[in-house]
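Okay, structure first, notes after.
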Amino acid sequence: MAHEQLRRSSRRLTYRASCPGNAITFAHMNDIVLALQQEVAAAIAQLCGQSIDPSKVQINPTVSEFKGDYTAVLFPFVKLAQKAPEALGAEVGERLLRETTYVKSYNIAKGFLNLELKEHFWHELLQEVLATPGYGRHPRRGECVLVEYSSPNTNKPLHLGHVRNCLLGWSCSQILDAAGYDVIKVQIINDRGVAICKSMLAWQKFGQGRTPQTEGLKGDHFVGDYYVLFEQKTQEEYAAWQQTPEAQALYEAHRKPEQSQKEFFKEYKNRWFNEHSRLGAEVRDLLLRWEAGDPDTLALWRQMNSWVYEGFEATYAQLGVCFDKNYYESDTYLLGKNIVEEGLQKGVFFKKADGSVWIDLSDAGYDQKVVLRADGTSVYITQDMGTARMRYEDFGCQRMVYVVADEQNYHFAVLFETLRRLGEPYAEGLYHLSYGLVELPTGRMKTREGTVVDADDLIAEVLQLARQQAAERGSSIEGPEAEENIRRIAMGALKFFMIRVHPKRRMVFNPEESVDLQGQTGPYIQYSWVRIHGLMQRAEREGIQLSAAAQYTSLEPQEKELLKALREYPSVVLTAAQEYDPSHVANYAYQLAKNYHRLWHDLPIFNAPSPEVRAFRLQLSRAVAQTLEAALHLLGIEMPQRM
RNA sequence: GGUCCCGUAGCUCAAGGGAUAGAGCAACUGCCUUCUAAGCAGUCGGUUACAGGUUCGAAUCCUGUCGGGAUCACCA
């Protein structure tokens with residue numbers, strides 16, 4: 001099957017249009033940016049005599065070249081206030097000094113009003129982070145979101161593309177959960193059709209009763225091997241057929257000018273398979289028997305699929321993903337016909353002379369699409385309509401997210417538009433989380449060329465790399481704990497590598513270089529956590545009191561940077577949820593870890609010059625560790641105890 | 001050909017319309033007798049594909065051009 005990952009969207013369904021949650025912008029209380037926005041808006045409003053929307057006031061962290069912590073951008077208001085930027089800044093700055101309890105000083109550079117905050121603000125911020133259980137998690141909204149991801153075929157093992165799909169789907173689910181939604185995770189398993197019949201037939205003919213157990217193979221690989229074997233045998237049959245007089249005659253009769261025999265037969269293969277191949281005929285026969293419910297065929301089908309599921313479960317367990325419900329194409333492939341009937345009655349669909357049913361989306365920039373064949377059987381989109389409604393009936397989710405590669409953008413655009421015209425109640429909440437294919441440096445992965453990167457192989461390789469690096473470092477721990485640490489590091493590296501790039505981007509994976517463990521990586525972030533973990537253990541051992549922290553008054557820039565980063569976390573989660581984009585969380589965690597590594601290097605923590613500085617830095621470290629752990633948890637990355 | 005997506009350092013990627021476009025990798029150079037060097041710091045590397053436009057301000061928004069990809073099945 002040409003498309004391993006059966007599913008797809010369009011950006012025309014923008015978040016804003018489809019997401020009612022967008023209106024709720026929860027931020028934790030006393031947020032400094034919200035407060036500054038309001039104060040600045042009020043100050044400008046007073047100056048120019050008309051009300052200003054606080055959300056239009058842009059507040060940024062001050063760039064390092066200037067003195068200050070946060071900067072209000074005043075350019076947009078100079079015309080309104082009819083003052084020079086500097087004068088406007090001075091008036092707003094003075095008012096902030098007067099009216100607020102937290103602004104210590106200000107300075108103006110062009111239209112930028114740089115604000116320096118008083119020390120007590122930083123202490124309060126730190127205490128709030130520490131005192132908020134699940135800091136960064138948002139209140140429950142009582143709204144349900146269903147996320148579909150993975151969507152495997154049962155004729156072969158999972159590959160690199162599925163890994164990206166699973167990691168995106170999982171992290172997106174975690175992020176939506178943290179943003180306050182009730183998330184249902186599902187997969188649709190493509191368990192029927194020609195592909196699995198090929199594996200079945202090959203096993204029947206050549207398997208000689210072998211099983212995954214007798215061969216010592218994972219079930220999905222075992223079944224996949226028969227799929228490959230089928231393709232090999234077919235190729236052999238085709239090669240032999242090409243030598244026959246019948247084939248030669250066809251070539252002479254139908255060749256295009258200048259077309260070589262090789263090119264001709266390459267093009268002719270599908271037709272040959274359908275019209276001449278003995279194996280092709282047998283597969284079609286098997287599929288017919290499956291559809292007729294032949295008991296032997298169904299028994300074989302169940303047997304082979306159960307082998308595959310065992311294998312999938314093992315891979316999912318390695319990836320740390322799971323599902324609340326599985327949907328099977330064998331259950332859903334006949335669905336949607338009643339919807340077609342409704343659509344005809346509503347006049348959304350129309351019937352052609354041959355009896356096939358269509359929808360005309362040309363006014364929306366799409367084509368006419370068939371939704372039911374002339375013989376009354378379903379097509380892909382019919383099933384998807386049926387499945388969508390089934391899910392809505394199962395869970396009542398107003399929003400459903402499909403994590404599917406971008407090659408299916410058109411399909412999902414059409415599906416969503418169709419459901420909208422049918423007036424389905426969840427239609428506005430449909431979203432296709434469309435991600436770019438993972439490519440190799442040589443281009444797209446191709447089954448036929450044997451360039452598919454297998455998921456299990458990939459995981460094994462990264463594990464091996466992490467093990468090797470741990471050995472080189474002369475790890476201080478051994479046994480099961482060491483192995484668990486290595487597993488977390490390896491998977492952390494793999495997951496961060498896949499998630500940190502924007503979903504929509506195609507990404508290139510170079511198996512030669514594998515996955516880095518240094519630099520901008522998962523282990524880099526884990527390492528900063530491990531450092532803190534070590535400090536905390538020591539603090540506990542030595543019974544260090546942390547209550548003196550508030551006595552510390554002259555904060556270092558490195559400390560403020562960390563606190564500013566901590567403040568951002570809840571809004572990062574929200575943005576990631578709104579945009580269905582886990583890469584925001586990944587890049588945030590990296591920034592936070594980077595800031596911490598710098599502080600670690602620049603400033604003594606345990607050996608700080610005074611007990612209150614030590615207490616403050618330990619508390620700050622704890623807040624960073626807590627936030628890093630929470631952020632990585634959203635990506636499915638666990639922390640090793642030691643590195 | 002129509003539609004959609006993408007084009008940022010040699011490579012892999014960041015950057016809510018905001019100040020001098022940032023990281024990592026690769027190459028070179030420093031830093032372990034102080035909390036773990038899977039770390040830190042430095043050097044090198046950019047006309048953000050190109051041309052216009054909008055704006056106080058554009059990698060970001062608009063138009064066009066060029067380049068890459070996907071898709072345009074009564075396949076799933």
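Chain letters run A, B, ... following the sequence lines, proteins first and then strands; every chain starts at 1.
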Can you tell me how far [atom1] in [N] sits from the matching atom in [M], rounded to whole Å?
N: B:G53; M: B:A76; atom1: C1'; result: 45 Å
N: B:U60; M: B:G7; atom1: P; result: 11 Å
N: B:C61; M: B:U12; atom1: C1'; result: 28 Å
N: B:C62; M: B:G24; atom1: C1'; result: 34 Å
N: B:A70; M: B:A58; atom1: P; result: 35 Å
N: B:G30; M: B:C66; atom1: C1'; result: 45 Å
N: B:A23; M: B:A73; atom1: P; result: 48 Å
N: B:G22; M: B:U48; atom1: P; result: 13 Å

Does a distance-only test, which skips hydrogens and angles, find a donor-acceptor pair under 3.5 Å between the side chain of [X] and the base of [N]?
X: A:Asn114; N: B:A19; result: yes
X: A:Thr71; N: B:A19; result: yes
X: A:Asp354; N: B:C74; result: yes

Donor-acceptor under 3.5 Å ([X] side chain, [Y] main chain):
X: A:Ser356; Y: A:Leu372; answer: no
X: A:Asn155; Y: A:Ser199; answer: no
X: A:Asp384; Y: A:Leu415; answer: no
X: A:Thr387; Y: A:Gln383; answer: yes

Nearest-angstrom distance from the residue atom [atom1] of [X] to [atom2] of [N]:
X: A:Ile525; N: B:C13; atom1: CD1; atom2: P; result: 17 Å
X: A:Ile59; N: B:A19; atom1: CD1; atom2: C1'; result: 15 Å
X: A:Trp600; N: B:C31; atom1: CH2; atom2: P; result: 21 Å
X: A:Tyr410; N: B:A76; atom1: OH; atom2: P; result: 16 Å
X: A:Lys352; N: B:C74; atom1: NZ; atom2: P; result: 9 Å
X: A:Gln520; N: B:C25; atom1: CD; atom2: C1'; result: 10 Å
X: A:Arg505; N: B:A15; atom1: CZ; atom2: P; result: 9 Å
X: A:Tyr590; N: B:G22; atom1: OH; atom2: P; result: 15 Å

Most 5' of A:His597 and A:Phe606 on RNA chain B, judged by nearest nucleotide: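 In this pair, the answer is A:Phe606.
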Any side-chain N or O of [X] under 4.0 Å from OP1/OP2 of [N]?
X: A:Arg192; N: B:A76; result: no
X: A:Arg642; N: B:A38; result: no
X: A:Lys110; N: B:C56; result: no
X: A:Arg373; N: B:C75; result: yes
X: A:Tyr524; N: B:C25; result: no
X: A:Lys79; N: B:C56; result: yes
X: A:Arg506; N: B:C5; result: no

Carboxylate-amine/guanidinium contact A:Asp31 A:Arg567, below 4.0 Å: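 Salt bridge: yes.
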Salt bridge present between A:Arg444 and A:Glu407 (N-O < 4.0 angstrom): yes
Mate of B:G7 where both pairing distances stay under 3.5 Å, Watson-Crick or G-U: B:C66
Base paired to B:C13 (Watson-Crick or G-U; both N/O distances under 3.5 angstrom):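 Looking at the geometry, B:C13 pairs with B:G22.
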B:C32, syn or anti by chi within 90 degrees of zero: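 Because its glycosidic torsion lies within 90° of 0, B:C32 adopts the syn conformation.
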Ring-face cation contact, A:Tyr435 with A:Arg164, 6.0 Å cut, 45° max: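 No, cation not above the ring by the 6.0 Å, 45° rule.
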